[in-house]
Amino acid sequence: MTDVFISYGRQDRERVRPMAEALEEAGLDVWWDPDIPPGSDFRAETGRALKEATAVIVVWSQHSVTRHFVLDE
């Protein structure tokens, strides 16, 4: 089960990585898009993870506010 789902714009990946790693080090199961297996259906994978998540963190930035999938999540 996913404890935390992180939504963000891909351009911010390296800014988000330390947060995801810190949450994992704290013992939480974190889901973010590097966890999507290659060739998988992005919408299906994110939808499943969102339904399982106990909490959602949305990283708002100049990049993410223009991404429809971040707004949809």
Approximate separation, where rounding is to 0.5 Å, of [X] [atom1] and [Y] [atom2]:
{"X": "Thr46", "Y": "Trp31", "atom1": "OG1", "atom2": "CH2", "value": "5.5 Å"}
{"X": "Asp29", "Y": "Thr2", "atom1": "CG", "atom2": "OG1", "value": "5.0 Å"}
{"X": "Ile6", "Y": "Arg17", "atom1": "CD1", "atom2": "CZ", "value": "11.0 Å"}
{"X": "Arg13", "Y": "Arg15", "atom1": "CZ", "atom2": "CZ", "value": "14.5 Å"}
{"X": "Glu24", "Y": "Met19", "atom1": "CD", "atom2": "CE", "value": "11.0 Å"}

Check salt bridge (Lys or Arg N to Asp or Glu O under 4.0 Å) between Glu25 and all other residues, then give those that pass, not counting sequence neighbours. none

Excluding sequence neighbours, so at least two apart, what forms salt bridge (Lys or Arg N to Asp or Glu O under 4.0 Å) with Glu52? Arg48

Centroid separation under 6.0 Å, is that true for the rings of Trp32 and Phe5? no

What's the verdict on side chain to side chain contact (heavy atoms under 4.5 Å, CB included) for Val58 and Val56, showing C-alpha distance, side-chain angles and the deciding distance? CA-CA 6 Å; Val58 179; Val56 176; 4.1 Å; yes

Met1 and Leu23: same hydrophobic cluster, using ILVMFWY side-chain contacts below 4.5 Å? no

